[in-house]
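Below: one structure, written as C-alpha cells.
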Amino acid sequence: MKKIWWHDKVAYQIYPKSFCDSNGDGIGDLPGIISRLDALKELGIDLLWLSPIYVSPLADQGYDIADYYAIDPRFGTMEDMDRLIAEGKKRGIGIIMDLVVNHCSDEHEWFKKACEDPDGRYGKFFYIKKIENGKLPTNWRSYFGGPVWEKLPGHDDLVYLHVFHKKQPDLNWENPELREEIYKMINWWLDKGLAGFRIDAIINIKKALPFVDYPADRDDGLSKIDNMLHEAHGIGDFLGEMRDRCFAPHNAFTVGEVFNEKEEDIPDFIGVENGYFSSMYDFNETIFGHSDDGWAGAKDCLPEDYKACVFATQKKVGFNGFISNIIENHDEPRGVSRYIPEGEATDAAKKLLATEYFLLRGLPWIYQGQELGMENCPVSDISEVDDISALNEYKVALAAGKTKAEALHLVGKYSRDNARTPYQWDASANAGFTTGKPWLPVNPNYKWINRKAQAQDPDSVLSYYKKLVQLRKDPAYADALIEGGLIPYLPERKNVMAYFRKGESQTILVLGNFQKDPQDVELPAPVKNLLLSNLPEVVLEGGTARLQGYQILVAEL
Ligand code: TEU
Ligand code: CA
C-alpha cells in the first residue's frame, strides 16, 4: 500500500484560551504556545491543531469568526502566528488551524452588509427568509437549544438561519459566490505554510432542500437538526470542490469533524484514494448514550459499551481510509472521567484507556492535558459555568423534571468546560497557566495532577504516554501498528478489551482487563516479545495472562 506521510504521526489538540498565558491577562495565547513547543516535541507530537484564534466576539469561544484573515488580539498577532508556524517547522511540528465555515459571526462584515441589504450580494451569503403568517420557516432546533431562526436585525419581517448560536449565522453554501470567498481564504492560509485544517461541523453545510418541518421530538414542537441532515443529500459536491480547489493542490492534511455521516459516504469522505478529507474523527463512543431528552436521558458509556463502539467503527472503516482516534476534545468531558467507571480512575486505569485507543488502527490525537490524566472539574453552582451548550442543557434538564442539584450534577458530568479548564503545568498558583486571574477556574486537583510533577516521575501518566508514542513510532513495529489491520480478540469476554494489530509479517496483541477486579485471560499464542504494560509485574502462566485490575499488556506474538 502507498505510504501516506501522516499515517505514522501523532497529533495533538490545543485549546489556545486554556493552554498557556504569556502576558498575565488570564487568557492563553500564541506566545504561550510557542514557549511550550519543546514540551510538545518531547512528548513526540508531529501535528498540532489549534482551536480558533481568529477575530471573534467569543460567543461560542471563537467558533464564531468575525474576520477569517486576522488573529484576535486576545490570542496575539499575525506575526505571532507566522512565528508559531516557523517554530513548529523547526521542530517538525505541522500547524493545523480550525476551519469554521458552516457559519461565521454575526459581527462579520458579510453579515453586517446582509443586514443593510438583505437582497444584495451579501444577503445571499446567508439563509434569510420572510416570516409567513407569523410562522418560522422551519421547526428545526438549534444545537444550542431553541429555534434556528432569529430576526434579522433591522427587519421585523425577516429571519436568518443559525443551526448553532444566534450569533453564528449559517453561510449559504448553495451560493457559488460564497464558496469562492471561502476557497480564497483557505488558500490564503495554506499559502502561509499551514500543514492543514480540522474542519468544523462540516456535515451541516448541506441542508435538505426545500426547507420543511420534521417531526417534533420534544414538547417544544421543535425537531433536532439530525432529522434534517438525514434528508440532506449531495454534500459531496461541495466537499469535492473544496478538496480540488484548496486541499489537494497544497497536499494539505485535513480532518473532518463529521457527525451524522451516512455509512455509504465513508469511502468518499476518507477513502485512501482521493477522499474529501485525509481523515475524520471516530465519534461513535462520543455520542453513545445520547438521548432526545438531552443530558437528563443520557446513558453512561461502560467498558463494554466503549469496546463495542470502538470496534464497530474499526469494522466500518476497515482499510477504507485512516480514522482519527480520540478519547476527548474541547467539546467533551475528560475521557478518563467518562469511559472509566466512576471512582475507579486510577493511574493504571488511565494508562489502560490510553493504550486501548492509542494503538487502534488510525491516527491518535491527544487533547491538551489528556497526557496528564486530567479529570472533570467539579461544579458547585450554575453561575460557575461558561459553556453555552451546558447552560442550555441545564435548562433542558430542569424542564425534563430534574431538580437543580440533579441538573447541576449532569452539567458537572458532561459540560464542555470540563475540557477547557486551564492546562495544569505545575503546582504553583493557577497551575502555572497564568500570573493573572484565569478566565475559567483551574481544577483544584492541579496540586497533584500537573506536568512538572509527572515529568520527573517515570511511573506517571505522562511518562507512560511518552512510551506509547515511542512504541507507535518504533519502525520495528510499524508493519502491525501503523498499516496493520485490527481484529478483536475475545470480544464476547466481559470487560476484556483486546485486539490484534496484524501486519503483513507481524502480529501484536493489545490485551486489557477493563475492570477493577483481576481476571485471567487465555493467550492466543506464545508471547514472543512483551512490548509494554501499565503495571510493573506481568504474570503469564502456561498460556494464560493473569491480569490485575485495569492491567493492560502489549505483546508481539
Ligand atoms: O462542534 C460541532 C457539533 O455539532 C458538536 O460538537 C456539538 O453539537 C456541539 O459541541 C454542542 O455540544 C463544533 C465545535 O467543535 C464546537 O466547539 C462548536 O461549538 C460548534 O462546532 C459550532 O462551531
Ligand atoms: Ca494572554
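Just follow the structure's listing: the first ligand is 1, and inside any ligand the first atom is 1.
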Taking the six-membered ring for Trp, are the ring centroids of F211 and W140 within less than 6.0 Å of each other?
yes

Contact residues of ligand 1 with a heavy-atom cut-off of under 4.0 Å?
D60, Y63, H103, Y143, F144, F164, Q168, R198, D200, A201, E257, F259, H330, D331, S389, R416, R420

Classify the angle between the aromatic ring planes of W189 and Y54 as parallel (below 30°), tilted (30 to 60°) or perpendicular (above 60°).
perpendicular

For the Ca ion (ligand 2), which N, O or S atom of D29 is at the shortest distance?
OD2

Charged tip of K184 within 45° of W188 ring normal and under 6.0 Å:
no

W173 and Y127 aromatic centres sub-6.0 Å:
no

Determine which of the N, O or S atoms in D21 is closest to the Ca ion (ligand 2) and give its atom name.
OD1

Plane angle bin for Y339 and Y306 - parallel if under 30°, tilted between 30 and 60°, otherwise perpendicular
tilted

To the nearest 10°, what's the angle at the Ca ion (ligand 2) between atoms O (I27) and OD1 (D25)?
90°

Given H330, which partner from the list Y15, Y367, Y63 fulfils the side-chain hydrogen bond (donor to acceptor under 3.5 Å, both in side chains) test?
Y63

Regarding K17 and the six-membered ring of W439, is the cationic atom NZ or CZ under 6.0 Å from the ring centre and inside 45° of its axis?
yes

Is the distance from the Ca ion (ligand 2) to the nearest N/O/S atom of P31 under 3.0 Å?
no

Quick check: does N23 put an N/O/S atom under 3.0 Å from the Ca ion (ligand 2)?
yes

Kindly state whether the ring of F277 and the ring of F269 have centres lying under 6.0 angstrom apart.
yes

